Amino acid sequence: MPAAEEQHLLQEAKEGSHDAYRRLVERHMRQAYNVAYGFVHDRDSARDIVQDALARAFVALPTFRGDAEFGTWLHRIVMNLSLNHIRSTTAKAKREVPVTGATEPGHDHEPERHSTEVQAHIERALHELPTLQRAVVTLRHIEGMSTKQVSAILHCSEGTVKTHLSRGLTKLRSKLAFLQEDAL
Amino acid sequence: MRAHRRIRLLLYDFTRGGLGTPEHDEVQRHLAGCASCRRELDGLRQILSHLPATPPDPAADRPPDFWRELLDAVERQLPPPPIHAPRFLQFVAFIDDITGPVRRPSLALGAVALLVISGVVSWQLLRHEPPPPVARTTVAPSTAPPAVTSRSADTRVQDYLRKSRILLVGIANMPTRKDEPLDLKPEREASRALVREARYLRQQDIDPRSERLMKDMEKVLITLSNIREQTAFPELAIIRGGIERENLLFKIRITETLYDRITDAGQHEQP
């Protein structure tokens with residue numbers, strides 16, 4: 001969407017137009033969903049988070065000064081709600097991570113099943129990372145955002161993003177060491 | 001040690017080809033002479049090989065209905081959009097609408113009924129009570145706005161009454177539309193001007209009825225002056241309630257009638 005068109009829709013949405021807001025968020029809701037899903041790994045929860053985030057963003061629009069792009073601002077709301085969701089369901093989420101058959105990874109000869117199990121281990125390891133490290137790894141690596149974009153969403157310096165990314169990946173490496181051994 | 005730490009922070013971008021030439025060369029030079037950082041790089045590459053190589057797109061497999069329902073659900077959660085208000089000058093056109101060609105019979109009939117009732121009641125009141133004397137005051141040049149220093153206080157009171165009536169009739173009959181934003185800026189500005197005018201006039205020697213009316217009007221006008229557009233729906237209802245509770249339109253009409261009589265009497269007395 002051209003910046004001028006987005007600004008126009010933004011202004012109309014700020015003045016209370018539902019139609020303008022709908023057209024505005026149509027361009028951002030898919031990535032917002034992906035960001036939420038990247039954190040919670042659950043379609044229903046991701047949908048609820050995005051719905052909540054879009055409703056909250058509309059109410060908060062008058063406070064949006066345009067220092068960052070609307071998409072960045074929206075993703076920050078999505079990320080905060082995702083982290084809140086994770087905090088409130090951490091124990092439950094840990095229990096619900098599908099780890100069936102994970103005791104013997106690599107001993108299963110069905111490639112598809114093996115891939116699913118590996119994915120489950122990775123998701124579990126991501127869930128176990130400290131909040132900021134998980135946020136940075138998800139946004140930077142899984143979502144493919146730039147260091148600058150992540151720093152804008154997390155409201156921290158680019159150096160801090162790099163530090164959390166490095167630490168997060170080191171921890172992931174430690175948690176998933178058996179996968180590396182298996183691969184060798 | 002600081003060099004190792006700095007290089008390790010760059011390793012991710014190094015593996016992704018995201019470094020500029022100077023930093024890329026710097027990392028390569030360091031790796032050539034540092035076994036520890038080479039091991040770190042190998043480990044990083046291994047873990048990245050297990051993570052998704054391309055950004056996953058969970059949104060891609062969601063059907064169009066999913067997004068439409070999501071947006072519908074969001075819209076149901078949103079506060080109602082503010083309503084559009086006609087500009088202050090459009091109030092006059094609005095009055096013309098209901099007093100001119102009958103395009104809205106029920107509204108016009110209501111307005112006519114209101115005028116008839118007002119006329120009968122005011123005639124009854126005036127028949128038994130002589131109108132209070134309206135003081136003809138001298139406007140103090142030091143406090144009156146320069147543009148109107150030549151106008152007498154009673155003319156200004158009449159002007160105040162006329163503007164207040166138009167404003168309040170407009171607010172009371174303001175059409176509300178769900179899908180259009182509410183812009184009450186002209187009404188707010190008109191209210192502020194009327195509050196300022198009333199405060200000035202109340203310092204003058206004006207008749208007690210007008211003074212009481214201005215006092216009754218002040219609360220409603222101040223509320224209107226400070227109305228917040230985002231929450232215009234409830235506040236507009238409060239203002240409309242104030243107009244009705246204080247019976248302001250009726251009081252304005254009565255006071256205007258008194259001034260009209262005085263003006264007529266003054267014209268007849270002139271040779």
Side-chain angles (χ1 to χ4, degrees), chain A residues 12 14-19 21-22 25-26 29-34 36-38 41 43 46-48 50-59 62 118-119 121-122 125-126 137 140-147 159 161-163 165-166 169-177 179-180 183-184, chain B residues 5-16 18-19 39-62 64 66-84 178-183 228-233:
Chain A
E12 285 190 358
K14 274 186 175 182
E15 290 167 6
S17 168
H18 287 187
D19 184 52
Y21 186 64
R22 192 177 177 116
V25 300
E26 269 178 353
M29 63 187 179
R30 285 170 180 78
Q31 196 175 3
Y33 178 84
N34 285 348
Y37 186 85
H41 299 286
R43 294 189 188 286
R47 185 197 182 284
D48 291 345
V50 173
Q51 182 179 327
D52 194 13
L54 293 177
R56 286 176 188 230
F58 180 81
V59 174
V118 168
Q119 189 60 34
H121 278 286
I122 291 170
L126 273 169
V137 171
R140 182 81 179 88
H141 185 72
I142 311 289
E143 284 304 313
M145 291 182 182
S146 69
T147 303
V161 171
K162 287 178 183 174
T163 302
L165 180 65
S166 175
L169 290 173
T170 302
K171 278 196 183 142
L172 275 181
R173 183 180 156 197
S174 159
K175 287 175 187 294
L176 299 173
L179 291 178
Q180 294 167 42
L184 288 173
Chain B
R5 197 176 301 147
R6 173 178 152 68
I7 293 298
R8 286 177 186 185
L9 291 183
L10 295 174
L11 287 180
Y12 177 81
D13 285 324
F14 180 78
T15 62
R16 314 286 288 179
L19 291 180
R39 279 197 300 276
E40 189 73 18
L41 177 64
D42 289 341
L44 181 63
R45 279 183 170 144
Q46 281 180 341
I47 191 64
L48 290 179
S49 71
H50 290 295
L51 293 176
T54 54
D57 189 5
D61 63 353
R62 302 283 81 196
F66 174 85
W67 302 108
R68 194 168 49 249
E69 284 166 13
L70 174 64
L71 287 173
D72 289 344
V74 170
E75 196 162 348
R76 283 194 294 274
Q77 279 183 262
L78 301 184
I83 52 176
H84 175 74
K178 272 188 175 179
D179 56 344
E180 289 190 27
L182 177 67
D183 179 9
R228 284 173 295 136
E229 295 184 7
Q230 287 299 319
T231 55
F233 266 117

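Just so it is clear, the model here is predicted, and its values are computed rather than measured. Per chain, numbering begins at 1; letters A, B, ... match sequence-line order. Just so it is clear, the values below take in all heavy atoms, side chains as well, and ignore hydrogens, waters and symmetry mates.
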Undergrad: Work out which heavy atom in B/Y12 is nearest to a heavy atom in A/H141; give both atom names and the distance.
TA: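 Shortest heavy-atom contact: OH-ND1, 2.6 Å.
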Undergrad: Closer than 3.5 angstrom, by distance alone: can the side chain of A/N34 be matched with the main-chain N or O of B/A59 as a donor-acceptor pair?
TA: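 Here the side-chain-to-backbone pair exists.
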Undergrad: Side chain, backbone, both or neither: which part of B/R45 has a non-hydrogen atom closer than 4.5 Å to chain A?
TA: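 For B/R45, no heavy atom lies under 4.5 Å from chain A.
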Undergrad: For B/L48 and A/R173, what are the C-alpha separation, side-chain angles and deciding distance, and is it a side-chain contact (heavy atoms from CB on, under 4.5 Å)?
TA: CA-CA 9 Å; B/L48 290 179; A/R173 183 180 156 197; over 6 Å; no
Undergrad: Please determine whether side-chain contact (heavy atoms from CB on, under 4.5 Å) holds for the pair B/Q77 and A/F58, giving the CA-CA distance in whole Å, both sets of side-chain angles, and the decisive distance to 0.1 Å.
TA: CA-CA 10 Å; B/Q77 279 183 262; A/F58 180 81; over 6 Å; no
Undergrad: With a 4.5 angstrom heavy-atom cut-off, which part of B/D61 approaches chain A: side chain, backbone, both or neither?
TA: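 Contact with chain A is through the side chain of B/D61 alone.
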Undergrad: What part of B/R62 gets within 4.5 angstrom of chain A, counting heavy atoms only: side chain, backbone, both, or neither?
TA: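 Side chain only.
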Undergrad: On the ring face of A/Y33, is A/R47 found with NZ or CZ under 6.0 Å from the centre and within 45° of the axis?
TA: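 Geometry flag: not set, cation outside 6.0 Å or 45°.
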Undergrad: Could you tell me which portion of B/L10 (side chain, backbone, both or neither) has an atom closer than 4.5 angstrom to a non-hydrogen atom of chain A?
TA: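 Contact with chain A: side chain only.
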Undergrad: Below 4.5 Å from any heavy atom of chain B, which atoms of A/T170 appear? Answer side chain, backbone, both or neither.
TA: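 The side chain, not the backbone.
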Undergrad: Got a donor-acceptor contact below 3.5 angstrom from the A/S166 side chain to the A/K162 backbone?
TA: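 Flag not set: sc A/S166 to bb A/K162 has no pair under 3.5 Å.
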Undergrad: Answer with side chain, backbone, both or neither: which region of A/L165 has an atom nearer than 4.5 Å to a non-hydrogen atom of chain B?
TA: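 The side chain, not the backbone.
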Undergrad: Identify which part of A/R56 has an atom lying under 4.5 Å from any heavy atom of chain B, answering side chain, backbone, both or neither.
TA: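 Neither part; nothing is under 4.5 Å.
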